[in-house]
S.K.: 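Handing you this structure, nothing more for now.
Hydrogens, waters and symmetry mates are skipped; everything else that's a heavy atom, side chains included, is used. Read the numbers this way: they start at 1 and go in the same order the structure lists the ligands and their atoms. Residue numbers count from 1 along this sequence. Quantities reported herein were computed from a predicted structural model and do not represent experimental measurements.
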Amino acid sequence: MTALDLSALRRAPKVLLHDHLDGGLRPETVLELARDCGYDALPADTAPALAKWFREAADSGSLERYLETFAHTVAVMQTPVGLERVARECAEDLAADGVVYAEVRFAPEQHLEEGLTLDEVVEQVLLGFEAGESAAEVRGQNIRIGVLLTAMRHAARSREIAELAIRFRDRGVVGFDIAGAEAGNPPSRHLDAFEYMRGSNAHFTIHAGEAFGLPSIHEAIAFCGTDRLGHGVRITDDITIGTDGVPVLGKLANYVRDKRIPLELCPSSNVQTGAVDTLENHPFDLLARLRFRVTVNTDNRLMSDTSMSQEMLRLVETFGYGWTDLERYTINAMKSAFIPFDQRLQLIDEVIKPGFAVLVG
Ligand SMILES: O=c1[nH]cnc2c1ncn2[C@H]1C[C@H](O)[C@@H](CO)O1
Ligand SMILES: [Zn+2]
């Protein structure tokens, strides 16, 4: 059995379903792109200082304030060159960390300030991912990236973005999502978009149960028909611990578990936005023990100063997980991906299981 440390974790084949493109830039890249495009509102002028600023500003205990930090990353992702570079580096960074399959999301409507069209924005990002996948392959690091197009839940372009996702479905876009401030913007505001996706036999996930509780999760599932829950961590509001210490599930929690609805849990991000108070109190472990379909995710690597390997390490240190636990969460994620079933199976059988077998020894 290989010792479970960061370097071994980096060698494990990992699957990432919830990662924001505009939340994963390298600090140096933010600085360089800002210089190139004349953006002069960055809060720091060296890479270490900027990295520290993002982490501390995101550590706000509120989703709304956490989201304010994205103004600086989105500002430098307005040109073809900027979008391509950020996507390329994202693929390379994930591959270097041992991620073998990732679904990366971003909101095209936030990248139109310099006159690009929605289609051009998506094209540039896809070009960047392709270039990053090829560069990683040359280094012997194979990664496949599927793109999720996000609509901002406070805005009114979700139907348009869903149509954009379908237009690019055979060119690397594998699904749709809504994100942004959850309170006051329930998923049912965007029913039209979700109906369009369902009518097209296409997949989507919804950020729900992060800054708002059970009503948001209920709407996402019962009214919108979501395939997965972005975070969904507040499902624990529907789980009570009886006097005998045995957890009792309410109707909604039972439904989520029965239907094997995947939870895209993002431990560090959940602590930063105040969805949970500490990692020790994160319900990841409770949900995993109750056999919900839990997955481990980064959400925003820049804001949380994290990686897939680091998120896993934090869970190992907090809850004492071993390789077989991590393999189970990884297979959970691969089963829940939006690519076709046969391709998921192939990655499980040919990449994930053999990769973990080496580590388990
Ligand atoms: O955790 C999140 N919850 C809600 N919205 C989020 C989260 N992380 C990032 N976003 C927003 C900010 C980004 O600009 C947008 C698209 O990636 O999605
Ligand atoms: Zn997110």
S.K.: May I ask you to decide whether Asp285 forms a salt bridge with Arg289, counting only side-chain N to carboxylate O separations under 4.0 Å?
M.R.: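 A salt bridge links Asp285 with Arg289.
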
S.K.: Where the side chain of Glu92 meets the backbone of Ala136, is there a donor-acceptor pair that is under 3.5 Å apart?
M.R.: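 Side chain of Glu92 to backbone of Ala136: no pair is present.
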
S.K.: Report the nearest protein non-hydrogen atom to atom 6 (C) of ligand 1: residue, atom name, distance rounded to 0.1 Å.
M.R.: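 Of every protein heavy atom, Leu67 CD2, 3.4 Å lies nearest to atom 6 (C) of ligand 1.
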
S.K.: When you draw lines from the Zn ion (ligand 2) to NE2 of His18 and to NE2 of His207, what angle lies between them, to the nearest 10°?
M.R.: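 With the Zn ion (ligand 2) as the vertex, the angle is close to 90°.
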
S.K.: Given Ile239, which of Val248, Leu287, Leu252, Asn254 fulfils the side-chain contact (heavy atoms from CB on, under 4.5 Å) condition?
M.R.: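 Of Val248, Leu287, Leu252, Asn254, side-chain contact (heavy atoms from CB on, under 4.5 Å) with Ile239 is met by Leu287 alone.
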
S.K.: Identify, by atom number and element, the atoms of ligand 1 in contact range of Gln110, meaning under 4.0 Å from any of its heavy atoms.
M.R.: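 Reading through ligand 1 atom by atom, the close ones are 13 (C), 14 (O), 15 (C), 16 (C).
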
S.K.: Do we see a donor-acceptor contact under 3.5 Å between the side chains of Thr298 and Asp19?
M.R.: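 Thr298 vs Asp19: donor-acceptor pair found between side chains.
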
S.K.: Report yes if His18 has an N/O atom closer than 3.5 Å to an N/O atom of ligand 1; otherwise report no.
M.R.: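 No, there is no polar N/O contact under 3.5 Å.
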
S.K.: Which of the numbered atoms in ligand 1 are below 4.0 angstrom from a heavy atom of Gly180?
M.R.: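 Contacts of ligand 1 toward Gly180, numbered from 1: 4 (C), 5 (N).
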
S.K.: Examine distances only and state if a side-chain atom of Arg169 and a backbone atom of Ser200 form a donor-acceptor pair shorter than 3.5 Å.
M.R.: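 Judged by distance alone, yes, a pair lies under 3.5 Å.
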
S.K.: Side chain or backbone, does Ser269 bring an N or O within less than 3.5 Å of an N or O on ligand 1?
M.R.: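 Between Ser269 and ligand 1 (N or O atoms, distance only) the closest approach is not under 3.5 Å.
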
S.K.: What's the shortest distance from atom 9 (C) of ligand 1 to any protein heavy atom, and which residue and atom give it?
M.R.: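 Among all protein heavy atoms, the one nearest atom 9 (C) of ligand 1 is His20 CE1, 3.3 Å.
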
S.K.: How many angstroms lie between CZ in Phe338 and CD in Gln343, if you round to the nearest 0.5 Å?
M.R.: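 If I round to the nearest 0.5 Å, the distance is 14.5 Å.
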
S.K.: Show your working on side-chain contact (heavy atoms from CB on, under 4.5 Å) between Ile206 and Cys224 and close with a plain yes or no.
M.R.: CA-CA 9 Å; Ile206 296 181; Cys224 307; 3.7 Å; yes

S.K.: Is Leu63 touching ligand 1 with its side chain, its backbone, both, or neither, if touching means heavy atoms under 4.0 Å apart?
M.R.: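 Side chain only; the backbone of Leu63 stays clear of ligand 1.
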
S.K.: Has Arg260 got its NZ or CZ under 6.0 Å from the middle of the six-membered ring of Phe292, at an angle within 45 degrees of the ring axis?
M.R.: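 No; the conditions do not both hold, so Arg260 does not lie above the ring face of Phe292.
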
S.K.: Which residue holds the protein heavy atom closest to atom 8 (N) of ligand 1, what is that atom called, and what is the gap in Å?
M.R.: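 Of every protein heavy atom, Asn300 ND2, 3.0 Å lies nearest to atom 8 (N) of ligand 1.
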
S.K.: So, of the N/O/S atoms that Asp299 has, which is the nearest one to the Zn ion (ligand 2)?
M.R.: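 When I compare the N, O and S atoms of Asp299, OD1 is nearest to the Zn ion (ligand 2).
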
S.K.: How far is atom 3 (N) of ligand 1 from its nearest protein heavy atom, and which residue and atom is that?
M.R.: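 The closest one turns out to be Glu210 OE1, 2.7 Å.
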
S.K.: Report yes or no: does Glu182 contribute a side-chain atom to a donor-acceptor pair with the main-chain N or O of Phe212 at less than 3.5 Å?
M.R.: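 Yes; judged by distance alone, with no hydrogens or angles, the pair exists.
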
S.K.: When you measure from atom 14 (O) of ligand 1 to every protein heavy atom, which one gives the shortest distance, and what is it?
M.R.: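 Ranking protein heavy atoms by distance from atom 14 (O) of ligand 1, first comes Asp22 OD2, 2.5 Å.
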
S.K.: Out of all atoms in ligand 1, which are within 4.0 Å of some heavy atom of His231? Include the element for each.
M.R.: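 Listed by number with element: 1 (O), 2 (C).
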
